[in-house]
Amino acid sequence: MLPPVPVITVDGPSGAGKGTISHMLAERLGWHLLDSGALYRVTGQACVIEGVSWDDYSAVAQIARHLEVAFSTAKSGEILVAYKGLDVSLAIRTEEGGRGASKVAAIPAVREALLQRQRELQRSPGLVADGRDMGTVVFRNAPLKFFLTASVLERASRRYAQLIAKGESVSLPRLLEDIEERDTRDRSREASPLVPAEDAIVIDSSASSIAEVFERVMHEVRNKGFDE
Ligand code: DC
């Protein structure tokens with residue numbers, strides 16, 4: 001029997017640097033990348049487009065089951081996301097997009113509907129899976145798991161800097177409140193709550209640069225023999 005395609009999971013709360021680290025890692029290894037948060041974000045956005053309330057659990061689950069989503073890479077290297085052929089790349093990355101994602105992600109039937117889609121991405125030569133429950137639920141048998149975290153203030157400040165750089169007007173106290181609210185919902189929900197897998201390597205990036213975190217991650221990756 002062939003050995004299973006390796007998966008490296010990168011879980012953690014919003015703003016801990018998972019997205020950046022996962023991108024860098026997938027690129028370095030030449031592996032596929034699963035941005036599972038984007039699937040929840042598109043589901044939330046699809047509800048807005050279809051006129052379905054995020055609180056209408058059965059209608060939201062129906063949307064998730066039939067989600068027509070397509071990912072592509074622009075010439076600039078940017079990842080484009082389309083729902084039914086409509087470009088939703090920008091809409092899903094707003095604060096409102098994040099709120100919708102967090103709401104629909106708490107619905108067990110939505111998580112169930114998106115599970116198989118995520119597992120299908122376990123393709124050769126390997127997969128870097130970025131999310132909240134990659135190591136605990138979706139890829140429980142992954143040989144290497146990371147849990148990236150950072151203080152709420154640090155995560156809110158990073159997000160603030162990103163939004164200001166994009167020219168958006170935001171308030172730091174409001175962002176702090178939003179992140180705390182989303183953290184509470186992601187951690188306390190019954191379906192796949194945000195917790196580190198027992199065998200995850202926990203990295204607190206509050207006082208580290210992206211380069212330092214990546215070096216720490218690569219050290220573990222090399223120890224497993226994945227970077228040859
Ligand atoms: O990683 P992100 O910020 O794009 O995720 C958006 C929301 O989706 C977040 O509030 C939690 C949810 N999510 C989840 O429940 N499970 C995942 N595997 C990924 C994201």
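Both counts, for ligands and for their atoms, begin at 1 and track the order of listing. By convention here, the first residue in the shown sequence is residue 1. All figures in this text were calculated on a predicted structure; none of them were measured in a lab.
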Trainee: Return the option from D133, D35, D11 holding the heavy atom at the smallest distance from atom 18 (N) of ligand 1.
Mentor: D133
Trainee: Any idea which atoms of ligand 1 are less than 4.0 Å away from a heavy-atom of A105?
Mentor: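 Contacts of ligand 1 toward A105, numbered from 1: 12 (C), 15 (O).
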Trainee: Please say yes or no: joined through hydrophobic side-chain contacts below 4.5 Å, possibly via intermediate residues, are V60 and V88 part of one cluster?
Mentor: yes
Trainee: Heavy-atom distances under 4.0 Å are what count here, so tell me which part of R189 touches ligand 1: side chain, backbone, both or neither.
Mentor: side chain
Trainee: Is a side-chain N or O of S157 found less than 3.5 angstrom from the main chain of L153, in a donor-acceptor match?
Mentor: yes
Trainee: Taking K145 first and then E198, would you say they form a salt bridge - that is, a charged N and a carboxylate O separated by under 4.0 Å?
Mentor: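 Judged by the 4.0 Å cut-off on N to carboxylate O distance, K145 and E198 do not form a salt bridge.
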Trainee: Report yes or no: does R185 have a heavy atom closer than 4.0 Å to ligand 1?
Mentor: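 Judged by the 4.0 Å heavy-atom criterion, R185 does not count as contacting ligand 1.
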Trainee: Measure from atom 7 (C) of ligand 1 to every heavy atom in A101, S36, G19, G37 and give the option owning the shortest one.
Mentor: A101
Trainee: Among protein heavy atoms, which sits nearest to atom 11 (C) of ligand 1, and what does the distance come to when rounded to 0.1 Å?
Mentor: D186 OD2, 3.4 Å
Trainee: Does any N or O in the side chain of D11 come within less than 3.5 Å of the main-chain N or O of D133, such that one atom is a donor and the other an acceptor?
Mentor: yes
Trainee: Could you verify whether a donor N or O on one side chain and an acceptor N or O on the other, from S205 and R158, lie under 3.5 Å apart?
Mentor: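 Present: a donor and an acceptor within the cut-off.
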Trainee: Got the closest protein heavy atom to atom 13 (N) of ligand 1, with its distance?
Mentor: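 Its nearest protein heavy-atom neighbour is R132 CG, 3.6 Å.
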Trainee: What do we get for K18 next to ligand 1 when only non-hydrogen atoms under 4.0 Å count, side chain, backbone, both or neither?
Mentor: side chain
Trainee: Would the distance check show the side chain of E212 and the main-chain N or O of S209 forming a donor-acceptor pair, the cut-off being under 3.5 Å?
Mentor: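 Between the backbone of S209 and the side chain of E212 there is a qualifying donor-acceptor contact (under 3.5 Å).
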Trainee: Please identify which atoms of ligand 1 are closer than 4.0 Å to at least one heavy atom of M134.
Mentor: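 Ligand 1 atoms under the 4.0 Å threshold to M134: 18 (N).
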Trainee: Do me a favour and list the nearest non-hydrogen protein atom to atom 3 (O) of ligand 1 with residue, atom name and distance?
Mentor: R41 NH2, 2.9 Å
Trainee: Which residue and atom name correspond to the protein heavy atom nearest atom 16 (N) of ligand 1, and how close is it?
Mentor: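 That would be R111 NH2, 3.0 Å.
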Trainee: Start with the C-alpha gap between Q162 and R159, add the side-chain angles, then the distance that decides, and say whether side chain to side chain donor-acceptor pair (under 3.5 Å) holds.
Mentor: CA-CA 5 Å; Q162 275 174 359; R159 183 78 186 136; 3.0 Å; yes
Trainee: Which ligand 1 atoms, with their elements, are less than 4.0 angstrom from a heavy-atom of R182?
Mentor: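 Taking each heavy atom of R182 in turn, ligand 1 has 10 (O) under 4.0 Å.
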Trainee: So E95 and R99, salt bridge (charged side-chain N to carboxylate O under 4.0 Å, His left out) or not? Walk me through it.
Mentor: CA-CA 6 Å; E95 287 307 290; R99 209 173 359 256; over 6 Å; no
